[in-house]
Amino acid sequence: MASSILREPVSRLKPESVRRWPRRTLFAGLDWRRLILVSTLAVTAFVAITAGALPYSSVVSFLFPSVSHSHSTDQNVTAAMPLPSPLPPPPPPSRVVPSRQFPSPPNTSVFSLRPSDSLVSSPPGIASAWNGTPGGGVIKEQRPKGSRRSRLEVVTFSFHLLHLSHRPLWSLPPDEALAYAKSEIERAPLISDNSNLYAPLFRNVSTFRRSYELMEKILKVYIYKDGERPIFHTPPLKGIYASEGWFMKLIEENKQFTVKNPNRAHLFYLPYSSRRLQEALYVPDSHNMRPLSLFLRDYVDKIASKYPFWNRTHGSDHFLVACHDWGPYVTTAHDELCKNTIKALCNADTSEGIFVRGKDVSLPETSIRVPKRPLKYLGGRPASQRSILAFFAGQMHGRVRPTLLSHWGGNDADMKIYGPLPSRVSRAMSYIQHMKSSRFCLCPMGYEVNSPRIVEAIYYECVPVIIADNFVPPFDEVLDWSSFSVIVAEKDIPDLKNMLQRISLRQYITMQTNVKRLQKHFLWHAKPIKYDLFHMILHSIWFNRLTQIKVQQS
């Protein structure tokens, strides 16, 4: 009977014959439909549990591995990701998917995803916009007539996608790399111990460390070769304007951060010297800075007509470094240079509307006496051997110094306040020895708010006392100046001694110890080392550029 059944076509078998089919295999009696259902549920549960245990970025990287970017010439722009979605009847309505809202800083760049690079196929005409900063946002989508409903209705876009294509960071287009860096810095992991960084010196040491790491991995700077000597490419390395010179020298010698292909650059450097500009073009005693401003304006117009990079962002990804007092003022003849370009300035005065806190960088004014040995005279006495409460000596220009001298000059043994240091005093103890022997070194503004004494005090391990209203201290975006300095309002000069005496010995020792730990961040080296002054300046320019990146809804 069995052999006759086997010879029958399957289509002719009767139900009773099927029931008599010989069960010769191990799984012949199983219910395959139930087995498949149970297996599917088990696999689904396993995937869900595993995905829940993984970081969000890892899950998204599996789903959306490809991202690209575009750039717009408009500064107030939109990041867009085409989304397949259900279609309503025409006219196409809008549907807003709520998500977390983040404040955006003013000004700058555009980031978008092209349909050709998205894993999700997008019917023509679909438009969506993401609004916010990395980590969340709002997607507004429009569905054109005729497109089909997709299984993926809405995707809440995040800049976490920008690094999930499994490409190395250096290979990302510049704008994508900056957007990725911004999102990573905002999600910086907390650190409790780092032998290279002392946390009390910083506003947020975790944010600084993550930003610095990403700068080392990502940042590329293009240096314009245009411009003739002496104003361009011949920086001063000596004197109180040496910061602009040392930075120019070291960045032009650098191979890690500079790039010859401008299309790979994240920042563009305008390599002129404000000191050389003043020496070459200013007519003595004319009190006329207009020729300097026009010269710089014409230089910017030249590079804007020769290269496409300035016009692409209206100068917002360009930067200059100027330590002369006139550094801010010579930018005013060119509107985009003044308002958009990142300016690293020693004269960081917020009262005049040129220096913009959070966009521009306060550049330390370093007085270099011996260029071949920039670290000469470094160090100072311990707190127990500092017999002078406060010290200042210098020219009596500006509004603050005469007031300081009138209240404290020669009136108090604890307060060594002079105009130019008298020869009878300097023969017994030099200017540097005074700073090394004082607890507090006074740093009053001169004609402008900046003073080289701030960095000198750090070099000689003396707690700086800054007296200059509207002044932004160097690297204020990352450093906590209250931990190692005293900031005194100009109106409080008559009460200066009482303010300093109210600082307890324990508090003073803590502040002076912090000055010693801070010192390495203000040192020039012929070959830059990690976290030194060259890197700190470059980091602040990089960091402030990232704060300007935003994506705005259409």
Side-chain angles (χ1 to χ4, degrees), residues 69-79 103-111 133 174-175 177-179 181-182 219-224 226-227 244 247 251 262-263 265-272 274 277 289 292-322 326-363 472 476-477 537-552:
H69 89 295
S70 67
H71 204 293
S72 168
T73 58
D74 188 7
Q75 289 180 305
N76 297 319
V77 289
T78 308
S104 297
N107 224 5
T108 93
S109 293
V110 182
F111 304 97
T133 55
D175 284 346
L178 291 178
K182 182 173 184 178
L219 179 60
K220 296 298 178 185
V221 177
Y222 179 75
I223 304 173
Y224 286 106
D226 307 76
E244 65 181 27
F247 180 85
I251 191 69
N263 292 298
H266 308 92
L267 290 168
F268 296 81
Y269 175 42
L270 306 174
Y272 82 97
S274 62
L277 183 67
M289 287 183 281
L292 288 67
S293 300
L294 295 179
F295 179 89
L296 194 57
R297 180 200 65 185
D298 293 343
Y299 165 71
V300 173
D301 286 342
K302 178 182 177 181
I303 63 170
S305 63
K306 184 176 179 180
Y307 305 94
F309 310 107
W310 180 278
N311 296 324
R312 187 181 62 184
T313 64
H314 304 289
S316 62
D317 55 1
H318 288 57
F319 72 94
L320 58 87
V321 177
W326 297 350
Y329 311 126
V330 297
T331 66
T332 55
H334 195 290
D335 190 58
E336 290 181 344
L337 176 67
C338 184
K339 293 182 179 179
N340 300 339
T341 299
I342 299 171
K343 302 180 290 294
L345 302 172
C346 288
N347 187 6
D349 187 346
T350 58
S351 67
E352 298 171 324
I354 302 174
F355 183 93
V356 180
R357 194 173 201 152
K359 177 182 75 73
D360 297 323
V361 173
S362 180
L363 180 69
V472 178
D476 182 64
E477 60 278 345
I537 295 171
L538 192 62
H539 173 267
S540 285
I541 295 168
W542 148 270
F543 187 83
N544 284 6
R545 170 58 181 156
L546 293 181
T547 64
Q548 303 307 306
I549 294 174
K550 72 170 185 177
V551 185
Q552 185 173 348

S.K.: State, to 0.1 Å, how close Val472 and Ser362 come at their nearest heavy-atom pair, and which atoms those are.
M.R.: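 Shortest heavy-atom separation between Val472 and Ser362 comes out as O-OG, 2.6 Å.
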S.K.: Using side-chain heavy atoms (C-beta onward) and a distance below 4.5 Å, is Tyr224 in contact with Phe309?
M.R.: yes
S.K.: Any donor-acceptor pair under 3.5 Å linking the side chain of Gln548 with the backbone of Gly358?
M.R.: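 Judged by distance alone, yes, a pair lies under 3.5 Å.
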S.K.: Quiz question: by atom type and distance under 3.5 Å, do the side chains of Glu244 and Ser274 form a donor-acceptor pair?
M.R.: yes
S.K.: For a quick test of reading the model, state the closest non-hydrogen atom pair linking Leu546 to Ala181 and the distance between them.
M.R.: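 Nearest heavy atoms, Leu546 then Ala181: CD1-CB, 4.2 Å.
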S.K.: Taking it one step at a time, do Val321 and Tyr269 satisfy side-chain contact (heavy atoms from CB on, under 4.5 Å)?
M.R.: CA-CA 9 Å; Val321 177; Tyr269 175 42; 4.2 Å; yes
S.K.: What is the distance from atom CD of Glu477 to atom CD1 of Ile541, rounded to the nearest 0.5 Å?
M.R.: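 Atom-to-atom, Glu477:CD and Ile541:CD1 are 9.5 Å apart.
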S.K.: Are any non-hydrogen side-chain atoms of Asp226 and Tyr307 less than 4.5 angstrom apart?
M.R.: yes
S.K.: Which heavy atom of Thr547 sits nearest a heavy atom of Lys182, and at what distance?
M.R.: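 For Thr547 and Lys182, the tightest heavy-atom pair comes out as O-NZ, 4.1 Å.
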S.K.: Look up atom OH in Tyr222 and atom CG in Asn263, then write down how far apart they are to the nearest 0.5 Å.
M.R.: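 These two atoms lie 10.0 Å from each other.
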S.K.: Begin with the C-alpha distance, continue with both residues' side-chain angles, and end with the deciding distance and a verdict on side-chain contact (heavy atoms from CB on, under 4.5 Å) for Phe268 and Thr313.
M.R.: CA-CA 11 Å; Phe268 296 81; Thr313 64; over 6 Å; no
S.K.: Going from CG on Asn340 to NE2 on His318, what distance comes out if it is rounded to the nearest 0.5 angstrom?
M.R.: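 Reported to 0.5 Å precision, the distance equals 11.0 Å.
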S.K.: For Asp360, which residues count as a side-chain contact (heavy atoms from CB on, under 4.5 Å) partner, sequence neighbours excluded?
M.R.: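 Scan of Asp360 (side-chain contact (heavy atoms from CB on, under 4.5 Å), adjacent residues dropped) gives Lys343, Phe355, Val356.
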S.K.: Within this structure, what is the CG-CG distance for the pair Leu292 and Leu277, rounded to the nearest 0.5 Å?
M.R.: 4.0 Å
S.K.: Please identify each residue that fulfils salt bridge (charged side-chain N to carboxylate O under 4.0 Å, His left out) with Asp349, with sequence neighbours left out.
M.R.: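 Residues passing salt bridge (charged side-chain N to carboxylate O under 4.0 Å, His left out) with Asp349: none at all.
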S.K.: Taking atom CG of Asp301 and atom CH2 of Trp310, what is their separation to the nearest 0.5 Å?
M.R.: 9.0 Å
S.K.: Using every non-hydrogen atom in the two residues, find where Ser293 and Thr332 come nearest and quote the distance to one decimal.
M.R.: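 Scanning both residues, the minimum pair turns out to be OG-OG1, 4.3 Å.
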S.K.: Leu178 and Trp542: side-chain contact (heavy atoms from CB on, under 4.5 Å), yes or no, with the steps?
M.R.: CA-CA 9 Å; Leu178 291 178; Trp542 148 270; 3.7 Å; yes
S.K.: With sequence neighbours excluded, what pairs up with Asp298 under the salt bridge (charged side-chain N to carboxylate O under 4.0 Å, His left out) test?
M.R.: none
S.K.: Val221 versus Phe319: any side-chain heavy-atom pair under 4.5 Å?
M.R.: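 Side chain of Val221 against side chain of Phe319, heavy atoms only: contact under 4.5 Å found.
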S.K.: Stepwise, does the side-chain contact (heavy atoms from CB on, under 4.5 Å) test hold for Tyr299 with Leu270?
M.R.: CA-CA 9 Å; Tyr299 165 71; Leu270 306 174; 4.1 Å; yes
S.K.: Should Thr331 and Thr341 count as side-chain neighbours, where that means a heavy-atom distance under 4.5 Å?
M.R.: no
S.K.: Contact between Ser316 and Arg545 at the side-chain level, heavy atoms closer than 4.5 Å - yes or no?
M.R.: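 Side chain of Ser316 against side chain of Arg545, heavy atoms only: contact under 4.5 Å found.
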